[in-house]
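What follows is a short report on a single structure.
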Amino acid sequence: MCVVRVRYAPSPTGTLHIGGARTALFNFLFARHHGGRLILRVEDTDQSRQVPDSEAQMMRGLQSLGIEWDEGPDRGGDFGPYRQSERLARHQELANRLLREDKAYRCYCTPEELEAERKARQKEGLPPRYSGRCRFLSPEEIRQREGQPYVVRLKVPDTGETVVEDLIRGTVRFDNRVLDDFIIMKRDYTPVYNFAVVADDHDMAMTHVIRGEEHLSNTPKQLLVYQALGFQPPQFAHLPMILAPDRSKLSKRHGATSVEEYRDQGILPEALANYLLLLGWSDPNGREFLTLDEAARLFTLDRVQHTAAIYDQKKLEWMNHQYLMQLPLERVVEAVRPFITYALDNGPPLSDAVALSRERSATLVQLAESMRFLYEAPRTFEAKAVAKQFTAGVDELLEAIRDRLLSVTPWDHDHLMNAYDQLAEARQVKRAVLIHPTRLAVTGRSVGPGLFELLTLLGRDETVKRLQFAADALRTGTLATD
């Protein structure tokens with residue numbers, strides 16, 4: 001039985017975007033489901049567009065999502081080299097073979113001639129298509145052009161159709177009359193994408209090519225190259241596009257677009273991988289939360305939808321919140337540390353702070369900020385809350401609360417709650433009349449974790465100090481708001 005071999009083949013021209021990450025994820029799951037192999041191949045032939053460290057960044061991004069490959073430029077394999085630029089001799093060898101077999105030809109047309117031809121066709125209302133003039137040059141005309149720069153074009157049939165049997169979309173037909181004799185080798189005798197990818201996929205024994213829908217239009221050209229070379233093509237599967245909520249092309253205005261940007265936003269890689277899984281695929285049991293191991297056992301292409309997947313930033317953040325709640329506490333503590341910009345010397349153990357605060361946080365950025373008050377006393381206070389809660393006489397109320405808390409023993413949730421109940425009864429007010437000003441005084445904010453839980457972590461001395469600071473600032477008119 002043939003071993004399933006699939007590949008993810010990025011160009012090192014930028015960061016790992018979510019479309020590429022989703023493609024890599026689906027290839028990874030498909031390979032694992034079938035006991036096959038995932039190959040990482042770097043398509044770096046366009047040296048002018050390469051970005052320094054892009055290859056390493058993409059590898060780090062893939063690994064952060066839990067996507068591991070079996071062969072690649074960093075770990076070798078039996079089908080290398082795994083950088084396309086290192087396979088140039090093979091590309092040239094195959095192009096020369098097609099020239100010898102009269103399945104391709106040298107085209108000497110200058111860019112100016114091609115532009116004039118394009119404009120002429122446009123004026124006649126015809127689609128831009130190379131006329132094939134160099135295909136019919138006589139031996140004498142070819143000798144006259146010897147030494148001139150040229151490209152190599154494939155001879156494409158001008159009748160019939162090229163049929164793509166797609167594992168997701170079914171049968172897709174392309175009329176050969178809309179295809180011209182496309183270029184396979186550029187003037188510097190390096191390959192164009194549609195030629196190099198065929199050579200590499202064949203030589204690396206790819207059984208399936210799973211990629212984005214935007215590549216579907218390339219497939220008939222690639223099938224024609226397979227046919228000319230006498231190679232057996234792999235099976236193709238084109239994944240649906242990822243669109244913005246308004247069904248426009250996804251861009252930065254709709255949220256982050258690269259794996260690194262999501263990391264910087266405080267999205268857990270576990271949550272991002274799970275969310276990407278659901279952009280175009282659904283679990284047969286209707287579950288939304290799956291580990292990669294669970295997804296690999298279930299992943300089949302017949303569960304991939306045909307229509308575009310709609311990106312939803314709010315759904316991603318909701319899913320991230322669920323992961324913040326469900327992951328082991330030590331994992332969340334480890335993940336939030338890089339986002340903390342304040343000293344942890346004076347305050348509770350970080351694990352206790354995370355346990356208290358993660359329920360109200362959607363991202364690691366929010367979680368880190370929500371814990372700040374446990375380590376830094378507030379010096380500015382939420383303006384709207386101050387106007388509503390710090391009314392006349394609240395300075396005296398805060399001092400009364402301070403005095404009551406001085407005698408609370410032991411300093412824990414139940415005894416703190418009992419103290420507030422007793423003070424509320426003595427002053428003939430509801431407990432909330434005491435709780436809201438206390439929260440604002442000690443955190444600077446009007447919302448947060450349960451008051452008695454946070455006071456327990458904050459400790460008696462720090463709580464009393466903050467209540468006194470707020471009371472003094474109110475009395476002297478020096479309370480700062482934001």
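Note that these values count all heavy atoms, side chains included, but never hydrogens, waters or copies made by symmetry.
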Taking NZ, NE, NH1 and NH2 as the nitrogens, is one of them in [X] or [Y] under 4.0 Å from a carboxylate oxygen of the other?
X      : Y      : result
Lys155 : Asp181 : no
Glu71  : Arg7   : no
Glu43  : Arg83  : no
Glu213 : Arg169 : yes
Arg41  : Asp201 : yes
Arg97  : Glu101 : yes
Glu261 : Arg263 : no
Glu68  : Arg75  : yes

Among Lys314, Lys315, Gln313, the one residue meeting side chain to side chain donor-acceptor pair (under 3.5 Å) with Glu317
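Exactly one candidate clears the test, Gln313.
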Has the side chain of Arg173 got a donor or acceptor atom that lies under 3.5 Å from a matching backbone atom of Val163?
no
Side chain of Arg153, backbone of Ile184: donor and acceptor closer than 3.5 Å?
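Such a contact is absent between Arg153 side chain and Ile184 backbone.
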Would you kindly check if the NZ (Lys) or CZ (Arg) of Arg287 is within the cone defined by 45 degrees around the ring axis of Phe289 and under 6.0 Å from the six-membered ring centre?
no
Checking Arg37 against Phe79: charged group under 6.0 Å from the ring centre and within 45 degrees of the axis?
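Verdict for Phe79: no cation-pi partner in Arg37.
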Side-chain H-bond candidate by donor/acceptor type, [X] with [Y], under 3.5 Å:
X      : Y      : result
Thr363 : Asn320 : no
Tyr82  : Asp200 : no
Asp312 : Trp318 : no

What orientation do Phe231 and His202 show, parallel under 30°, tilted 30 to 60°, or perpendicular over 60°?
parallel
Can you say whether the rings of Phe236 and His238 are parallel (under 30°), tilted (30 to 60°) or perpendicular (over 60°)?
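Taking His238 first and then Phe236, their aromatic rings lie parallel (interplane angle under 30°).
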How far apart are the C-alpha atoms of Tyr262 and His17, what are their side-chain angles, what is the distance that settles it, and do they pass the ring-ring contact (aromatic ring centres under 6.0 Å, His included) test?
CA-CA 10 Å; Tyr262 286 111; His17 284 226; 9.7 Å; no
